[in-house]
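Single-structure report; data block below.
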Amino acid sequence: MSYQSIVVLTGAGISAESGIRTFRACDGLWEDHHIEDVATPDGFLRDPERVHRFYNARRAQLSDSSVVPNEAHKALARLEKAFQGEFLLVTQNVDNLHERAGSEALIHMHGELLNVRCTRSDYVFEVAGPVGHEDRCVCCGLRGTLRPDIVWFGEAPKQMNEIYRALSQCDLFLSIGTSGHVYPAAGFVEIANETGAHSVEINLEPSRKESHFKAHYYGLASEQVPAFVD
Ligand code: BV8
């Protein structure tokens with residue numbers, strides 16, 4: 001079948017083989033951090049330095065030479081370049097591996113590790129190294145105004161109008177490496193199904209939303225995604 005419009009959703013599982021920790025595995029990030037302490041606005045208000053440390057450690061991992069896009073990231077970049085129709089890649093991930101693999105039509109719905117935001121002006125700017133609560137903001141020169149430009153629990157994900165529009169027009173919805181725990185991303189498959197799209201799950205194991213998908217391919221993303229794309 002030839003498709004006219006593809007939406008791809010990725011989660012932490014697509015970056016696992018690049019050495020980036022997922023969230024809900026036995027060695028996941030949520031095993032040694034409480035979500036409410038490091039991924040909520042209240043957690044940031046309570047202890048901003050703890051939150052900055054959590055994201056500084058994950059940001060530092062991105063500059064580790066061993067952390068590079070894997071075959072799954074590269075296959076999605078190939079798909080985008082070869083596909084003649086509408087293509088959108090929506091990622092829940094905050095790493096930069098999709099960009100580094102060559103993906104361009106990309107939305108980071110949960111934000112990006114390499115960006116920080118001024119809480120006074122909402123000005124967003126790139127950082128490479130660690131950020132602290134006492135750092136001066138480049139836009140207002142004040143201390144204590146910087147936060148990771150990450151979407152925390154209870155906050156609105158980014159560019160949702162664009163995402164909903166793409167979902168309402170797609171005829172192929174491909175979900176890769178996500179456990180289907182977190183909304184609104186976990187609900188995208190239902191929207192795609194209502195649109196009449198063919199919905200495909202590629203994951204290490206069945207996700208929470210497994211029954212909503214019309215096709216399933218289980219195994220390592222670095223193997224399953226190239227096999228599906230090529
Ligand atoms: C929102 C920060 C409204 C970034 C994250 C009560 C109060 C308030 C809100 C809620 C509430 N109840 C429910 C909600 C909604 C809430 C939510 O869903 N809570 C859950 C826990 C019940 N959601 C929100 O608050 C969201 N905002 O709803 O605002 C709104 C809605 C619409 C429009 C406007 C406004 C905000 C959610 C974002 C939260 N931020 N993180 C960061 O620190 O990274 S979420 C966090 O989970 C990450 O972003 C991550 O991407 C995301 C999802 O996790 P996964 O990517 O799926 O990772 P996981 O480890 O779980 O799974 C990995 C999968 O990969 C596994 O299945 C594994 O088998 C597989 N895998 C592993 N290795 C491989 C592999 N697959 C293939 N190959 C491999 N090698």
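In listed order, ligands and their atoms are each counted from 1. Positions are given from 1, in the same order as the sequence printed here.
When non-hydrogen atoms are compared, ligand 1 lies under 4.0 Å from the backbone of Val182 as well as from its side chain. For Ser207, no heavy-atom contact with ligand 1 is shorter than 4.0 Å. In Arg58, the part holding a heavy atom less than 4.0 Å from any atom of ligand 1 is the side chain. Heavy atoms of Leu220 found under 4.0 angstrom from ligand 1 belong to the backbone as well as the side chain.
At a 4.0 Å cut-off, not a single heavy atom of Ala39 sits close enough to ligand 1 to count as contact.
Side chains of Arg59 and Asn56: a donor-acceptor N/O pair is present below 3.5 angstrom, by distance only. A donor atom on one side chain and an acceptor atom on the other are not found under 3.5 Å apart for Ser175 and Glu201.
Proximity of the aromatic rings of His33 and Phe54 is defined here by a centroid distance below 6.0 angstrom, and this criterion is met.
Taking distance alone, with nitrogen or oxygen atoms compared against 3.5 Å, Ala16 stays at or beyond that limit from ligand 1.
The heavy atom nearest to atom 9 (C) of ligand 1, considering only Gly154, Gly111, Ala72, Ala185, is found in Gly154. When the options Gly177, Ser175, Ala156 are ranked by their closest heavy atom to atom 35 (C) of ligand 1, first place goes to Ala156.
Using cut-offs of 30° and 60° for the angle between ring planes, the Phe188 and Phe173 rings count as perpendicular.
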